[in-house]
Amino acid sequence: MSFTESSFQAIEWTGDGLRLLDQRRLPGETRYLHFTAAAPVAGAIRDLVVRGAPAIGITAAYAVVLSAQRHRDRDDWQAGVAADIEVLAAARPTAVNLVWALECMRTCMSQLQGDPVVALLAEARRIHAEDVAANHRMGDSGADLINTGDSALTYCNTGSLATGGYGTALGVVRSAWAAGKLADVYAGETRPWLQGARLTAWELVQDAIPVTLITDNAASALMQAGKVQWVITGADRVTANGDVINKIGTSQLAVSCRHYGVRMMVVAPVSTLDLSIADGSRVTIEQRPASEILEFGGQPIAAAGARAWNPVFDVTPAGLVDYLVTEAGVVAAPDTRKLQALVGMPAQGSSAR
Ligand code: MRU
């Protein structure tokens with residue numbers, strides 16, 4: 001099987017609506033949900049029907065098309081769409097791709113001539129296609145960093161389910177595997193939603209890439225045993241100084257990497273960079289219900305009366321990141337000046353490499 005094509009399409013415009021693969025049901029059940037209005041799509045993003053930073057941005061872009069379809073016969077249709085954009089933007093707070101994609105749609109709307117649905121659909125399709133293309137570029141660049149015979153641990157799900165297709169960190173795993181470089185691929189389960197066990201393992205098994213699952217608390221032991229040379233993750237937001245906001249647990253992986261001499265590679269498209277925010281301490285970290293930890297599949301698993309703290313992202317300090325791989329280039333030891341150079345912002349005395 002080719003690693004460039006998925007056997008499934010997690011986000012698909014069907015002509016009259018938007019079809020999403022319900023990621024909450026995987027791997028047991030492959031169920032698609034169909035949407036014809038924007039507000040239910042916001043609910044689907046909030047409830048993790050679709051998740052992963054680029055995927056929720058792409059989904060929201062198509063939801064704006066649904067909004068335009070619904071409102072276009074009204075004189076004040078743009079006000080209706082703007083209100084839906086606000087609802088979509090509030091669905092999840094941490095991944096910058098969501099507001100980035102909505103900003104692209106807002107800009108498109110402000111420059112519209114002719115049928116808004118045609119123009120907005122073209123813009124949503126562009127965002128989707130460019131994400132897939134960026135993932136392939138990052139896959140190749142990230143794979144170039146890996147030595148033949150290396151092994152890698154990946155975390156959360158950063159594959160075709162989390163993006164427009166192919167994946168960020170999982171795209172690097174796919175490209176490196178296709179190039180014959182990777183000896184072993186490990187995936188962390190990723191409590192409490194098990195994106196690693198349910199989704200990453202599902203994608204890799206479909207691609208016939210052997211995957212070994214570990215519990216999240218086995219990662220440091222895996223490194224100590226010398227079983228991996230790389231930890232490869234995605235990001236939900238990268239701030240101006242290179243801090244990486246990603247799935248809760250990423251920062252403890254990065255700390256362990258530094259201790260054991262394992263290299264930390266973060267793979268994220270330029271749409272995940274947020275140079276308007278100085279550092280990770282200023283990013284809103286999504287808190288989800290305690291029930292996600294205290295229950296499993298609706299069944300209580302913790303002692304009755306126990307409380308839970310459930311932030312679903314954390315901040316990995318830039319100083320713990322060895323490589324940031326983007327479609328615009330690879331940045332070793334990212335910092336403010338290198339990121340500014342990468343995106344072409346005026347900066348003094350530094351190159352992106
Ligand atoms: O809560 P989730 O499943 O949306 O979290 C997803 C992650 O943290 C991913 O690692 C991140 O979005 C990068 S995906 C390409």
Side-chain angles (χ1 to χ4, degrees), residues 6 10-11 20-24 26 44-60 91-101 128 130-132 134-139 142 153-174 187-203 216 231-238 244-254 264-274 280 283-289 292-293 310-316 321 324-327:
S6 283
I11 307 165
L20 297 176
L21 176 55
D22 188 346
Q23 300 190 26
R24 300 168 303 180
L26 291 171
I45 292 171
R46 190 191 54 238
D47 295 344
L48 307 183
V49 168
V50 56
R51 30 64 51 205
I56 63 177
I58 294 161
T59 299
R92 292 191 78 187
T94 303
V96 73
N97 306 64
L98 179 60
V99 282
W100 172 85
H128 193 166
E130 287 189 2
D131 185 65
V132 180
N135 290 340
H136 283 280
R137 279 203 292 281
M138 294 189 290
L153 168 65
T154 189
Y155 191 56
C156 195
N157 171 263
T158 61
S160 295
L161 292 165
T163 65
Y166 200 63
T168 56
L170 212 60
V172 171
V173 168
R174 287 187 157 108
E189 284 180 312
T190 320
R191 279 275 294 151
W193 271 82
L194 300 178
Q195 288 94 331
R198 294 188 303 108
L199 308 178
T200 296
W202 185 73
E203 288 199 37
D216 299 333
V231 166
I232 310 177
T233 74
D236 285 81
R237 197 183 289 243
V238 178
V244 171
I245 293 83
N246 193 49
K247 179 51 57 194
I248 189 78
T250 303
S251 90
Q252 63 195 22
L253 291 176
M264 177 80 190
M265 186 196 305
V266 175
V267 188
V270 170
S271 56
T272 301
L273 306 187
D274 183 0
V283 174
T284 303
I285 301 291
E286 179 181 359
Q287 299 276 339
R288 292 188 68 90
E292 292 183 352
I293 294 178
N310 189 20
V312 296
F313 300 99
D314 64 18
V315 181
T316 297
V321 177
L324 174 66
V325 175
T326 77
E327 75 275 29

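Atoms within each ligand, like the ligands themselves, are counted from 1 in listed order. When a residue number appears, it is its place in the shown sequence, counting from 1.
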Do you know the tightest heavy-atom contact between [X] and [Y]?
X: R51; Y: C156; answer: NH2-SG, 3.9 Å
X: E327; Y: M138; answer: N-CG, 3.4 Å
X: G142; Y: V172; answer: C-CG1, 3.7 Å
X: G249; Y: D314; answer: N-OD2, 2.8 Å

Is it true that [X] lies under 4.0 Å from ligand 1, counting heavy atoms only?
X: A95; result: no
X: R92; result: yes
X: T168; result: yes

> Considering only heavy atoms, does T272 approach ligand 1 within less than 4.0 Å through its side chain, its backbone, both, or neither?
Replying inline: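 None of T272 does.
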
> Side chain, backbone, both or neither: which part of P54 has a heavy atom under 4.0 Å from ligand 1?
Replying inline: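 Just the side chain.
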
Quick one: nearest non-hydrogen protein atom to [atom], plus distance?
atom: atom 9 (C) of ligand 1; result: N246 OD1, 3.5 Å
atom: atom 12 (O) of ligand 1; result: A53 N, 2.8 Å
atom: atom 7 (C) of ligand 1; result: D236 OD1, 3.2 Å

>> Looking only at the side chains, is there a donor atom on one of N157 and R198 sitting less than 3.5 Å from an acceptor on the other?
In response: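 Per modelled atom types, N157 and R198 side chains form no pair under 3.5 Å.
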
What are the atoms of ligand 1, with element, lying closer than 4.0 Å to any heavy atom of [X]?
X: T158; result: 10 (O), 14 (S), 15 (C)
X: F313; result: 1 (O), 5 (O), 8 (O)
X: Q195; result: 1 (O), 2 (P), 3 (O)
X: A162; result: 14 (S)
X: T163; result: 15 (C)

[atom1]/[X] to [atom2]/[Y] distance, rounded to the nearest 0.5 angstrom?
X: T250; Y: F313; atom1: OG1; atom2: CZ; result: 9.5 Å
X: T94; Y: I245; atom1: OG1; atom2: CD1; result: 8.5 Å
X: I11; Y: L161; atom1: CD1; atom2: CG; result: 9.0 Å

> Hey, is CD on Q252 packed in by over 12 heavy atoms from elsewhere, all under 6.0 Å?
Replying inline: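 No.
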
> Ion pair present between R191 and E189, side-chain N to carboxylate O less than 4.0 angstrom?
Replying inline: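 Result for this pair is no, no salt bridge flagged.
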
Got an N/O contact under 3.5 Å between [X] and ligand 1?
X: Y155; result: no
X: R51; result: yes
X: K247; result: yes

